[in-house]
Student: 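Have a look at this one.
A, B, ... follow the sequence lines: proteins, then strands. Residue 1 opens every chain.
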Amino acid sequence: MTQGDKTGTYDHAAVEARWQARWMAEKTFAAKDDRSLPKYYVLDMFPYPSGDGLHVGHPLSYTATDIVARFKRHRGFNVLHPMGWDAFGLPAEQYALKTGVHPAKTTAKNISNFRRQLQSLGFSYDWDREVDTTDPSYYRWTQWIFLQLYERGLAYQAEIPVNWCPEMGTVLANEEVIDGKSEVGGFPVVRRPMKQWMLKITAYADRLLEDLDDLDWPEHVKDMQRNWIGRSTGAEIDFPVEGRDDVTLRVFTTRPDTLFGATYMVVAPEHPAVDSIVTDAQREAVAAYREQAAAKSDLERTQLQREKTGVATGAHATNPANGERLPIWVADYVMTGYGTGAIMAVPGHDERDHEFATTFGLPIREVVSGGDPSQEAWTGDGTLVNSGFLDGLEVPAAKQRMTAWLEEQGHGVAAVHTKLRDWLFSRQRYWGEPFPLLHHDDGSVSTVPEADLPVRLPDVERYQPSGTGESPLATVTEWVETTDPVSGEAVRRETHTMPQWAGSCWYYLRYIDPQNEERLVDPELEKYWMPVDLYIGGSEHAVLHLLYARFWHKVLYDVGVVSTKEPFRQLLNQGMILGEDGEKMSKSRGNVINPDEIVERFGADAFRLYEMFMGPLTATKPWQTSGLNGTHRFLKRVWRLFVDQDGRSVVDDGEPGDEVLRAFHVTLDRVTEDTSELSFNTAISAMMEFVNVLTRDGRGMPRSLAREFLVMLEPYAPHVAEELNAFLGGETLLAWEPWPQVDASFLEEDTVDVPVQINGKVRTVLKLPAGADPAAMEQRARAETGIAALLEQGEVVKVIAVPGRILNFVVKPR
RNA sequence: GCGAGGAUGGCGGAACUGGUAGACGCGCCAGAUUUAGGAUCUGGUGGGGUGACCCGUGGGGGUUCGAGUCCCCCUCCUCGCACCA
């Protein structure tokens, strides 16, 4: 409301444009260099700049972090609040395949649209720190990190069966395959062996697991990561195969204590020993079964087919504990990828084995008391029976005892296995980071020297995958064929590219020092800013992104680049916003809300307030455009407390009354606490109540409270707050104003409302002095005619009086 | 099947360590004002009786003077994992 406005109407478009321009021009939200200040690093999961632009889910978490960033500035913190682009990825490449437009062009266009949209919402990012994972000055360091991994032996090539998607002409990570189909596009995926780059994340499994304990993360996210890592302790046990001195069957079990209960063995259909141990009589049946299993898709094997199938090999193994003969079966309920691909079956104490034994009439033996194994497997604890030297021990002791015995006798070892597999790190795509690797004629691989980074992505004519599994890069001869700067030999570049996860694994570090050309990040700056204090993003990243980023962070910790073991101190997942119909928003359903339209109609401040007011940040909740009326109305009411319809000030110069002062300090107290606890919906409702009090009061905003009120409002509705502050004559921005102090003397009420109950039912409410003791309370209540009459009807057997809270008469009828 | 989280008015949601259930907002109803503005203001709005009475936080038990909150059993919903030995 700088001078010249004709009316006092709240014109959100003009107000918001004005302050956004000023923040940009003055670099208001640049993080400061002053390292004597306490720091706060608040991070959003940076978006993939898709062609669709922002959806309303983005501003949900971005507004939350923005409120925190602004709040922390008021609280005296040096705040780092950056934004960037996770811009490598399939959609741009797929668009290029269709149209021939270079992904870099599409990406640049999408980024500027995203940037415009984010800026229109007034987020207080430090735009000088913007990063873009597809920028060579950024992916230079992604490549550099890969070199560190490579040099530490954490990157290796392997010929392994991979998820080959014929439709897309590429290989997918396990995580990108859902029910046998590609996560993007839903195309069928088959298994096929191929030479791939792998990262040895399994070497960090224990640290990734242990360090979870100290993180301020939602328990369910930690649990998901624990599950994903899937660490099991137990033993590997060798079973000699009867009549075959050259073959032993090694199994992994978490229940070595039940070894005496093993009644048969099972190997996976793909197990390498099958061919050599199968008897002639069974050879044909086993071959048929294996063929059948191979033909089944993952979907059939895991989902559709629950009933157990299998076939005997005819071979037998010997139980090392008691010398019993155990038939060896082939069955697809044992998987080749976990443990050793072979198990000892203990149907008495394992549900799957029990089901299998029942189906095929195999013996079931009880070795742990507590259940009835003839009916169902007993998997609980108990005392060992029928188990020789283990008899009488409890399960945990028996596990130890058996493992020790196996080791003494040379029949086995204690062992730990994880579900976590090494990370398939190469993609046969164009739009990704090239590997800084050179292939020599002799088959050896060397690295591109650090000084020669980045290895730039060359321009190509065609983006089509070759269909053979090679990347489109393989066709760019003048790029592929190069000279090794070290040996001078003619070499070929690696043509695979890195997965999209690569760039997002470390971007939070680059924000700290985005222009540094000498280092990934300056060590002093890293020490100051890390760890990230608050990280908010979608729960779809609860496992993969967060696990990969933690892995790289730990490697960088070992390399000495970072000073913290963990990157993200506090994590939060925002909930999903559903469409107005209560269904997930999707183009096909036509229930998608476009943020641009909302901003145009109601303004960014009303939009921000609405998204925060919908409910708890972490809850899933449906969108309701009519709800914007509420927050928009609230802002108009705030406006009216300062400005009348003709643009004249209605700010009240008189002393505010006690009631207004009390209301203000109660509000400030609640907003301070709720904002600290990220309970934004209740903070907003507190401010609404206060504004309602003043509106009813009808005298305008008291001048003595005006600026403090605006500081309190600023994190939530920054444009309106700054505008009204300027209207008051404020020359300096609110952005760095200190947070107002709560005057606690106003929080204490002289009188309190105390409900009076008879047998737990409220009969009246008394206004009592705040300090009234139980006797005084009772006396006052008995003086009430209504109460006295009710008490007459029976005998008072007990009086519960909690000062300031409740008074309850327990009355026994006569 | 396993793990985690939920269930409160027509709707989104409040409710601190058990202490007046339904704050705040949407929507709706009535009125005022101005009138063509996606306005504003005031009052009302859980259900039933329609006077100060009863019933109400998914269902059933329990603990307690008192339960949305604590305990036990059950139903349903959401998310994740899914034959991991």
Side-chain angles (χ1 to χ4, degrees), chain A residues 9 218-224 226-228 230-232 234 251-255 258 266 268 301-303 305-308 331-335 337-346 349-353 355-356 417-421 539-540 542-543 573 575-576 578 580 582 601-602 609-610 613-616 618-634 636-637 640 645 673 679 681-689 691-692 695-696 698 753-765 786 797-802 804-811:
Chain A
T9 308
E219 254 338 287
H220 70 99
V221 174
K222 294 197 207 179
D223 277 342
M224 281 167 74
R226 290 188 188 111
N227 272 330
W228 192 264
R231 188 179 196 272
S232 311
V251 304
F252 173 66
T253 179
T254 56
R255 296 294 304 272
T258 62
V266 186
R301 237 171 119 160
T302 59
Q303 294 230 284
Q305 198 226 326
R306 302 300 300 196
E307 72 281 11
K308 298 279 183 287
D332 67 1
Y333 82 93
V334 172
M335 293 170 300
Y338 183 77
T340 62
I343 62 160
M344 63 177 206
V346 184
H349 305 284
D350 180 282
E351 285 166 17
R352 295 149 303 182
D353 296 345
E355 194 186 333
F356 190 85
H417 282 263
T418 59
K419 285 195 253 182
L420 184 70
R421 317 292 165 79
S539 58
E540 68 272 22
V543 176
N573 294 130
M576 205 191 330
L578 305 172
E580 299 214 56
R601 220 172 116 184
F602 299 98
L609 280 171
Y610 172 66
F613 188 61
M614 288 171 81
T618 54
T620 296
K621 54 231 161 204
W623 178 270
Q624 240 180 34
T625 300
S626 63
L628 266 302
N629 291 336
T631 52
H632 192 228
R633 242 170 239 160
F634 165 69
K636 284 191 280 192
R637 252 178 232 173
R640 277 286 164 267
Q645 292 194 341
E673 193 174 318
S679 178
N681 55 331
T682 51
I684 292 167
S685 80
M687 288 190 276
M688 285 174 166
E689 286 183 66
V691 166
N692 289 346
T695 301
R696 235 168 268 132
D753 290 345
V754 177
V756 179
Q757 300 181 334
I758 290 172
N759 291 335
K761 294 203 187 300
V762 178
R763 296 298 164 173
T764 189
V765 178
V797 292
K798 198 171 179 185
V799 180
I800 287 64
V802 184
R805 284 246 186 243
I806 197 98
L807 182 63
N808 188 13
F809 292 96
V810 184
V811 179

Student: Determine the contact category for A:Pro218: base if any of its heavy atoms lies under 4.0 Å from a base atom, sugar-phosphate if only primed atoms, P, OP1 or OP2 are that close, otherwise nothing.
Tutor: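 No contact at all - A:Pro218 keeps every heavy atom at 4.0 Å or more from the nucleic acid.
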Student: Checking one value: the base orientation of B:G60, syn if chi is within 90 degrees of 0, otherwise anti.
Tutor: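 Here the answer is anti: the torsion falls beyond 90° from 0.
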Student: Both A:Ala619 and A:Arg763 contact RNA chain B. Taking the nearest nucleotide for each, which residue is further toward the 5' end?
Tutor: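 Closer to the 5' end of RNA chain B: A:Ala619.
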Student: Nearest to the side chain of A:Gln757, which nucleotide is it out of B:G38, B:A85, B:U20?
Tutor: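 For the A:Gln757 side chain, the nearest candidate turns out to be B:U20.
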Student: A:His417 vs A:Phe252 aromatic rings, parallel, tilted or perpendicular, using cut-offs 30° and 60°?
Tutor: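 Tilted.
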Student: Counting Watson-Crick and G-U wobble pairs only, both distances under 3.5 Å, name the nucleotide matched with B:G68, or none.
Tutor: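 The answer is none; no pair meets the criterion.
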Student: Give a yes/no answer on whether the side chain of A:Lys636 brings an N or O atom under 4.0 Å of OP1 or OP2 in B:U40.
Tutor: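 Looking at the OP1 and OP2 atoms of B:U40, one of them is under 4.0 Å from a side-chain N or O of A:Lys636.
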Student: Is there a donor-acceptor pair closer than 3.5 Å between any side-chain N or O of A:Lys798 and the backbone N or O of A:Asn808?
Tutor: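 No: the side chain of A:Lys798 does not pair with the backbone of A:Asn808.
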Student: Compare all side-chain heavy atoms of A:Asp350 with those of A:Arg255 and state whether any distance is below 4.5 angstrom.
Tutor: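 Result no, sub-4.5 Å side-chain heavy-atom pair not found.
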Student: When rounded to the nearest Å, what value does the distance between P atoms of B:C77 and B:C16 take?
Tutor: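 To the nearest whole Å, 29 Å.
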Student: If the C1' atom of B:C74 is compared with that of B:A21, how far apart are they to the nearest Å?
Tutor: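 About 25 Å, rounded to a whole number of Å.
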Student: Could you check whether any side-chain heavy atom of A:Leu628 comes within less than 4.5 Å of a side-chain heavy atom of A:Trp623, counting everything from C-beta outward?
Tutor: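 In short, these two side chains touch, coming nearer than 4.5 Å.
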Student: Need the pair for B:A7. Rule: Watson-Crick or G-U wobble, both distances under 3.5 Å, any strand; none if unpaired.
Tutor: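 Across all strands, the one nucleotide that pairs with B:A7 is B:U75.
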Student: Take the protein atom CG of A:Asp350 and the nucleotide atom P of B:A85, then report the distance between them rounded to whole Å.
Tutor: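 Distance, rounded to whole Å: 9 Å.
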Student: Measuring only the P atom in each nucleotide, how far is B:G22 from B:G47? A whole number of Å is fine.
Tutor: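 Approximately 14 Å lies between the P atom of B:G22 and that of B:G47.
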Student: Return the 5'-most residue of the pair A:Asp223, A:Ser232 with respect to RNA chain B, ranking by each residue's nearest nucleotide.
Tutor: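 Upstream on the strand: A:Asp223.
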Student: What nucleotide, of B:G13, B:A85, B:G19, holds the atom closest to the side chain of A:Ile806?
Tutor: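 Nearest nucleotide to the side chain: B:G19.
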Student: Do the side chains of A:Asp223 and A:Arg226 get nearer than 4.5 Å, heavy atoms only?
Tutor: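 They are in contact (side-chain heavy atoms under 4.5 Å apart), so the answer is yes.
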Student: Mind checking the C1' distance from B:C65 to B:U20? Whole angstroms is fine.
Tutor: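 About 16 Å, rounded to a whole number of Å.
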Student: Using a heavy-atom cut-off of 4.0 Å across all strands, would you classify A:Lys621 as base, sugar-phosphate, or nothing?
Tutor: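 Contact class for A:Lys621: sugar-phosphate only.
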Student: Select base, sugar-phosphate, or nothing to describe what A:Val765 touches, counting heavy atoms under 4.0 Å on all strands.
Tutor: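 If one applies the 4.0 Å heavy-atom cut-off, A:Val765 turns out to touch a base.
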Student: Both distances below 3.5 Å, Watson-Crick or wobble geometry, any strand: find the nucleotide opposite B:C2.
Tutor: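 Base partner found: B:G80.
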Student: For A:Arg231, which contact category applies under a 4.0 Å heavy-atom criterion: base, sugar-phosphate, or nothing?
Tutor: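 No contact.
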Student: Are OP1 or OP2 of B:C55 and a side-chain N or O of A:Lys761 less than 4.0 angstrom apart?
Tutor: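 Yes, A:Lys761 has a side-chain N/O under 4.0 Å of OP1/OP2 on B:C55.
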Student: Just to be sure I understand the rule, does A:Glu351 reach a base, reach only the sugar-phosphate, or reach nothing, if contact means heavy atoms closer than 4.0 Å?
Tutor: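 Touches nothing.
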Student: Mind checking who B:C24 pairs with, Watson-Crick or G-U wobble, both distances under 3.5 Å?
Tutor: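 Across any shown strand, B:C24 pairs with B:G12.
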Student: Would you check, one step at a time, whether the test side-chain contact (heavy atoms from CB on, under 4.5 Å) holds for A:Arg640 with A:Arg637?
Tutor: CA-CA 5 Å; A:Arg640 277 286 164 267; A:Arg637 252 178 232 173; 5.6 Å; no
Student: Starting from C1' on B:C11, measure out to CD on A:Glu580 and report it in whole angstrom.
Tutor: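 Roughly 11 Å, once rounded to whole Å.
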Student: Using atom P of each nucleotide, how far apart are B:C71 and B:C81 to the nearest Å?
Tutor: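 Per the computed distance, 29 Å lies between those P atoms.
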Student: Kindly indicate, with the supporting measurements, whether the criterion side-chain contact (heavy atoms from CB on, under 4.5 Å) is fulfilled by A:Gln624 and A:Glu580.
Tutor: CA-CA 6 Å; A:Gln624 240 180 34; A:Glu580 299 214 56; 4.0 Å; yes
Student: Applying a 4.0 Å non-hydrogen cut-off, can you work out what A:Thr418 is touching in the nucleic acid: base, sugar-phosphate, or nothing?
Tutor: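 The residue A:Thr418 makes no contact with any strand.
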Student: For the side chain of A:Pro622, counting heavy atoms from C-beta on, which of B:C65, B:G12, B:A4 is nearest?
Tutor: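 Nucleotide nearest to A:Pro622's side chain: B:G12.
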Student: Using the P atom on both, measure B:G44 against B:A23 and round to a whole Å.
Tutor: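 These two P atoms come out 12 Å apart once rounded.
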Student: Say we look at B:U78 and B:G31: how far apart would their P atoms be, to the nearest angstrom?
Tutor: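 My reading of the P atoms in B:U78 and B:G31 gives 44 Å.
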Student: Just name whichever nucleotide pairs with B:A32, Watson-Crick or G-U, keeping both distances under 3.5 Å, else none.
Tutor: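 By the stated definition (distances under 3.5 Å), B:U40 pairs with B:A32.
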Student: Across nucleotides 23-30 of chain B, 5' to 3', mark each nucleotide with B, S or - according to how protein heavy atoms within less than 4.0 Å reach it.
Tutor: BBSSS---
Student: Honestly, is A:Lys308 close enough over A:Phe356, meaning NZ or CZ under 6.0 Å from the six-membered ring centre and within 45° of the axis?
Tutor: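 Not flagged: A:Lys308 not positioned over aromatic ring of A:Phe356.
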Student: Taking B:G12 as the reference, what is the distance to B:G6 when you measure between their C1' atoms (whole Å, please)?
Tutor: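 My reading of the C1' atoms in B:G6 and B:G12 gives 16 Å.
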Student: Could you check if a side-chain atom of A:Ile800 sits within less than 4.5 angstrom of a side-chain atom of A:Gln757, using non-hydrogen atoms only?
Tutor: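 The answer is no; the side chains never approach within 4.5 Å.
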